[in-house]
Amino acid sequence: MPTYSTNMRLKFPILALILEIITIVLYALFVVYDTGDDKGHGDHHEKSNQTESPMTLYPMFQDVHVMIFIGFGFLMTFLKRYGFTSVGVNLLLAAFGLQWGLLLQNVWHMHGGKIRVSIDRMINADFSTATVLISFGAVLGKTSPVQLLIMTLLEITTFCINEYLVVEILGVSDVGASMTIHAFGAYFGLSVARVLYRPGLRNGHDNDGSVYHSDLFAMIGTVYLWMFWPSFNSAIATPGDHQLRAVVNTYFSLAACALAAYATSSLVEKKGKLDMVHIQNATLAGGVAVGTCADMDIQPFGAMLIGITAGIISTVGFKFLTPILASKLGIQDTCGVHNLHGMPGILGGVAGILAAALKRKEGVSPTYQAAGLASSLGFALVGGLITGLIMKIPFLGQPPDQNCFDDSIYWEV
Amino acid sequence: MPTYSTNMRLKFPILALILEIITIVLYALFVVYDTGDDKGHGDHHEKSNQTESPMTLYPMFQDVHVMIFIGFGFLMTFLKRYGFTSVGVNLLLAAFGLQWGLLLQNVWHMHGGKIRVSIDRMINADFSTATVLISFGAVLGKTSPVQLLIMTLLEITTFCINEYLVVEILGVSDVGASMTIHAFGAYFGLSVARVLYRPGLRNGHDNDGSVYHSDLFAMIGTVYLWMFWPSFNSAIATPGDHQLRAVVNTYFSLAACALAAYATSSLVEKKGKLDMVHIQNATLAGGVAVGTCADMDIQPFGAMLIGITAGIISTVGFKFLTPILASKLGIQDTCGVHNLHGMPGILGGVAGILAAALKRKEGVSPTYQAAGLASSLGFALVGGLITGLIMKIPFLGQPPDQNCFDDSIYWEV
Amino acid sequence: MPTYSTNMRLKFPILALILEIITIVLYALFVVYDTGDDKGHGDHHEKSNQTESPMTLYPMFQDVHVMIFIGFGFLMTFLKRYGFTSVGVNLLLAAFGLQWGLLLQNVWHMHGGKIRVSIDRMINADFSTATVLISFGAVLGKTSPVQLLIMTLLEITTFCINEYLVVEILGVSDVGASMTIHAFGAYFGLSVARVLYRPGLRNGHDNDGSVYHSDLFAMIGTVYLWMFWPSFNSAIATPGDHQLRAVVNTYFSLAACALAAYATSSLVEKKGKLDMVHIQNATLAGGVAVGTCADMDIQPFGAMLIGITAGIISTVGFKFLTPILASKLGIQDTCGVHNLHGMPGILGGVAGILAAALKRKEGVSPTYQAAGLASSLGFALVGGLITGLIMKIPFLGQPPDQNCFDDSIYWEV
């Protein structure tokens, strides 16, 4: 029987403060405001009239910000006794993650030894935290805040390496990050979940379920993610027509996906009833799956085909695949991130390969797109494996089986 | 005794998928991105510096999007056992409606046989769904998802015909759509509700009421609608001063309306207590009522007079008129849309006639404004009547009286 | 034993309607749209390319609007039986306050005898209501709507005088209003709370606490305030680099503050558990504390140092200082505004003095900054004292001790 040391009195505050202090020291050394001085080399011709104001992307940033903190946070409040952790630890991890992500993402983009903070770099920093919040969904209810802070540190580090390799070195097109964020975050989390497999939860847990009002709180998260996903997929697109395309494609992919998720949910349930788990999650799969091609010339009906496919796959995954993953592979995926981010993320990557083969965006090669997908999955699985092994150290405060899915072990309730 | 066939197992998925597939086929044939190529004829002089970027209206679009999906969705969660349907079916109907609305609204605006999607057309598509969500409020708790999808199809079709007639042919000014959306949606829904009259609910229903937390969820909807209504009323206004006016007028109308709604609520209740039903709804009537004149030169105090009037009328309607409509006219209006959208919508139309007579906007004729109001009411009542008769077909799965206002008939709870 | 006259039947509606009617008359006399005619004197050189459109600041305005109505409103829903008042009366007070604030703030800025409404004046009007909503937190649960409307009237009036003196006369720099809004609102409210001291609540009250779901509703408020605080601190900054700085500084201050609040909460609680009260509030202290210096050249790491300090001070305040204020000084601060707005507001003022001394912004004098802080505290304490004495008049409907923290005394529940 494993030992548990779930008292966070010293280890959590010390870890959090040390991480924050190291971060501040690094910021003091390397991070300054972007004053626009290093521009003007005639790059980004298309951007010219957009970038006059450093604030142009600010509304997009705030939409993404809402997705990260309200969207992901409340989506996970569906568990009946785990809402504090869902929304509260989501805030903690994202607040640390964005600081860490901004540093690591820009190590390769320093000017005069300095990282210059602009709105688009804040958007990218927010993006980097999404990987962690996706993985958080896979291990929700079964991990301590200390474990999760360590996962944040390691996962964002791994993400930044893979993203640099895929986007900068290979030149892969992944504007809405189906591969580098969604598939990556999902398979990283599933890999961690596999390492942390708990035989004691094979037959379920009383608290691993929702009550009526917790499902409504979760719908706040769902609806915000659904609404603002066009911003997620277009925020860092080339301004002008490409950005408009990314918005339009995502808007229609999500709309078609919603119809498909509702239809499939009713089809697979006894008596044709709708299942909240499907509605909360599978309606969003269209946003994930259209990510890679969002700024490509796939036309609205192409986006809708991607959306409808994602909605069906995701719902079917929740119904039939999740139980199999748990029972056969030992992967206990609390929120079903495999269905919302994993498979739709791969679908997005594959759609991108196809769109590249059909020359739907200039200068994009199907071979490199495939390499980008493979790299993202590889980094995720290996990174998750190593991270999971580290998280398994008993000192880090993993809860015993009977206290899983219960806020009261780490919160005053 | 009527027969009920509330099992949705096949009919709902088949209907939803057929509608989506037909939509995708039509999009493949007719819908493309707006690449801005068809501009440049010197039109929209006033717009010139605004429309350089295709994304200028995007923040407005997102505000409207939040009103449609969070605002309307959560406003209806006040019922104690009907939150899943309120926010969930709201998402379903709006997701289908915006696809259908974008097609039908632009049949008359094709260029080279194609509909070109831009942000302002997405805003209009979102708008078209608002009519359905208003009508949804009138029949909430008493209809099946299949019935509601059919209502969506028919109502948006009717709306697009009336809107084309009123705005394009008659040249009526209705920037915030008091007439073409609010009055139309309300009377369409009331007409449907009349056809679906249930004598068995004359004496109320145990589930037709709120509990403490469901009222708080509803306040999320109320407050979002209240905050973003200036965006609703100004999103498609002429950029520049007209758009600013629409924002300012709506801001002050709503502020004055809130005071009036609180005051009237306290005045009509025993012991001077406030009633959540009034606060959730009547505080918003000022947004509805100022819609038609929002971009006219009525000055802030004029907007406040409209707002205060709307707040009083709406609250009084909830208190005294709704019970009479139910008992004398057989109109069981679950959310009281007559008080929030119906009467304030007519008030908005009348205010527009008056403002036109007072020459508060160039080129607007009071006669045509009156014709626009009459047309909207006529299409709504007749369209709602026909739609209601179709919805009454027992095969469409209307719930029996005892299962009304209860999510568990169509949802796994 | 005091007498109570808590029936609001006539006094509340009459007061609300009289205030609204007086406001409308004043608007009819003095308030018009800003048509941009009074510009063009070559002022605001830096602004030139920003202000072409009167709608440039609109997305910022909506962020601030969300903070006022959702942020403040839901933050206070943590009490188990007081959610209707928290979010409902918050709406009422802010709706009246913004009308009153817009008038009084611009008495000194009339052109041709008229106040011209533009988006930036609407932002400032929203800001003025924040003072009241902060003070509302100090007296939450212990006051009637009539008392609170009177407090709104008096506090906004006092605020406008102090703001004019500090910002216009003394030329103090306070872009995020740490001093003029946060410290002012907190100490005004604490001063009122002192006057309204209730010995009968010395030993607590059954309803003065949260339940599980009410804490989740409160997190909606917390997270929105946390996300949009960069808009609050930058909305009225000089466009361009200063505005970007204000966004960046606030973003990082809040991120560092969140880590500090979580760490400190765990450190001061038995068994290292997190306390929802701290998480809901102290995570925001970094936004308050960085307000005054937000647009100064303090660099990201400087902002993070302010944030981490604020997070620690605020959490420690909740744990140790609030009980002492109640027991020794007779200040019963329901929401702990002293910890979220009071001390962090002073910290912000002091940081501004220091930054001015270090010449982090041109033309800012540490002496005047100190005078601005002193003035804000002085006006708050004296204004709160007088307002509290007026609010104590029994006719205004203060609830008896046993009905405190209970919606049912003023609402149909």
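Lettering follows sequence order; numbering is per chain, from 1.
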For this session: Give, as side chain, backbone, both or neither, the part of A/Leu244 having an atom under 4.5 angstrom from any heavy atom of chain B.
Result: both

Seminar exercise, completed: Assert top hit (heavy-atom pairs under 4.5 Å, partner chain A, pool B/Leu15, B/Leu91, B/Val87, B/Leu17) equals B/Leu91

Seminar exercise, completed: All heavy atoms of A/Ala263 vs all of B/Pro13, minimum pair found to be O-CB, 3.4 Å

Problem set entry | Proximal to chain B - members of residues 267-274 of chain A, heavy-atom separation under 4.5 Å | A/Leu267, A/Glu269, A/Lys270, A/Lys271, A/Gly272, A/Lys273, A/Leu274

Exercise. Looking at OG1 of B/Thr23 and CE of A/Met304, how far apart are the two atoms once the value is rounded to the nearest 0.5 Å?
Worked result: 6.0 Å

Problem set entry | Aromatic ring pairing A/Trp226/B/Phe69, orientation class (parallel under 30°, perpendicular over 60°, tilted between) | tilted

Exercise. Are any of the side-chain heavy atoms of B/Tyr27 and A/Gln299 separated by less than 4.5 Å?
Worked result: no

Seminar exercise, completed: Checked B/Thr77, B/Leu10, B/Asp407 vs chain A; the most non-hydrogen pairs under 4.5 Å come from B/Asp407

Problem set entry | Heavy-atom check, side chain of B/Tyr58 versus side chain of A/Met60, under 4.5 Å | yes

For this session: Select one option (side chain, backbone, both, neither) describing which atoms of A/Leu254 are under 4.5 Å from chain B's heavy atoms.
Result: neither

Exercise. Which members of residues 284-294 of chain A, sorted by number, sit under 4.5 angstrom from chain B on a heavy-atom basis?
Worked result: none

For this session: Go through A/Leu305, A/Thr283, A/Asn249, A/Thr264 and name the one with the most non-hydrogen pairs under 4.5 angstrom from chain B.
Result: A/Asn249

For this session: Examine whether an atom of B/Val413 lies under 4.5 Å from a heavy atom of chain A, and if so say whether it belongs to the side chain, the backbone or both; otherwise answer neither.
Result: side chain

Problem set entry | Spacing of CG belonging to A/Asp215 relative to CD belonging to B/Glu412, to within rounding of 0.5 Å | 11.5 Å

Exercise. So what's closer than 4.5 Å to chain A heavy atoms on B/Asn90: side chain, backbone, both or neither?
Worked result: neither

Seminar exercise, completed: To the nearest 0.5 Å, atom OH of A/Tyr251 lies from atom NE2 of B/His65 at 6.0 Å

Exercise. Would you say A/Phe252 and B/Ile24 make side-chain contact, with heavy atoms under 4.5 Å?
Worked result: no

For this session: To the nearest 0.5 angstrom, please state how far the CG atom of B/Asp34 sits from the CG atom of A/Asp241.
Result: 8.0 Å

For this session: Heavy-atom distances under 4.5 Å only: say whether B/Asp126 touches chain A with side chain, backbone, both or neither.
Result: both

Seminar exercise, completed: Cut-off 4.5 Å, heavy atoms of chain A, and the answer for B/Tyr33 is both

Exercise. At a heavy-atom separation under 4.5 Å, does A/Ile308 approach chain B through its side chain, its backbone, both, or neither?
Worked result: side chain

Seminar exercise, completed: Looking only at A/Pro230, A/Ser265, A/Ala261, A/Ser234, the option with the highest number of non-hydrogen pairs under 4.5 Å against chain B is A/Pro230

For this session: Working to the nearest 0.5 Å, report the span between CG of B/Leu149 and OH of A/Tyr262.
Result: 10.5 Å

For this session: Name the region of A/Ser231, side chain, backbone, both or neither, that has any atom closer than 4.5 Å to a heavy atom of chain B.
Result: both

For this session: Please tell me if the side chains of A/Phe301 and B/Phe30 come closer than 4.5 Å, counting only heavy atoms from C-beta onward.
Result: no

Exercise. With only heavy atoms counted, which part of B/Val66 is less than 4.5 Å from chain A, the side chain, the backbone, both or neither?
Worked result: both

Exercise. Where on B/Leu19 is there a heavy atom nearer than 4.5 Å to chain A: the side chain, the backbone, both, or neither?
Worked result: neither

Exercise. Checking A/Asp297 against chain B: side chain, backbone, both or neither under 4.5 Å from a heavy atom?
Worked result: both

For this session: Please state whether the rings of A/Tyr212 and B/Phe84 are parallel, tilted or perpendicular, taking 30° and 60° as the class boundaries.
Result: parallel

Problem set entry | Among the listed options B/Ile14, B/Ile409, B/Ile220, the residue most often paired with chain A at heavy-atom distances under 4.5 Å | B/Ile409

Exercise. What are the two closest non-hydrogen atoms of A/Val247 and B/Ile119, and how far apart are they?
Worked result: CG1-CD1, 4.0 Å

Problem set entry | Shortest non-hydrogen contact between B/Val32 and A/Pro300, atoms and distance | CA-CD, 4.2 Å

Exercise. Distance from B/Tyr410 atom OH to A/Ser266 atom OG, nearest 0.5 Å?
Worked result: 11.5 Å

Seminar exercise, completed: Greatest number of non-hydrogen atom pairs under 4.5 angstrom with chain A, of B/Gln99, B/His213, B/Met8, falls to B/Gln99

For this session: Would you mind checking which part of A/Pro59 comes under 4.5 Å of any heavy atom in chain B, side chain (CB onward), backbone (N, CA, C, O), both or neither?
Result: side chain

Exercise. Chain A heavy atoms under 4.5 Å from B/Tyr224: which part of the residue, side chain, backbone, both or neither?
Worked result: side chain

Exercise. Is there side-chain contact between A/Met227 and B/Ile68, with heavy atoms separated by less than 4.5 Å?
Worked result: no

Exercise. Most heavy-atom pairs under 4.5 angstrom with chain B, which of A/Asp275, A/Leu216, A/Ile279?
Worked result: A/Leu216

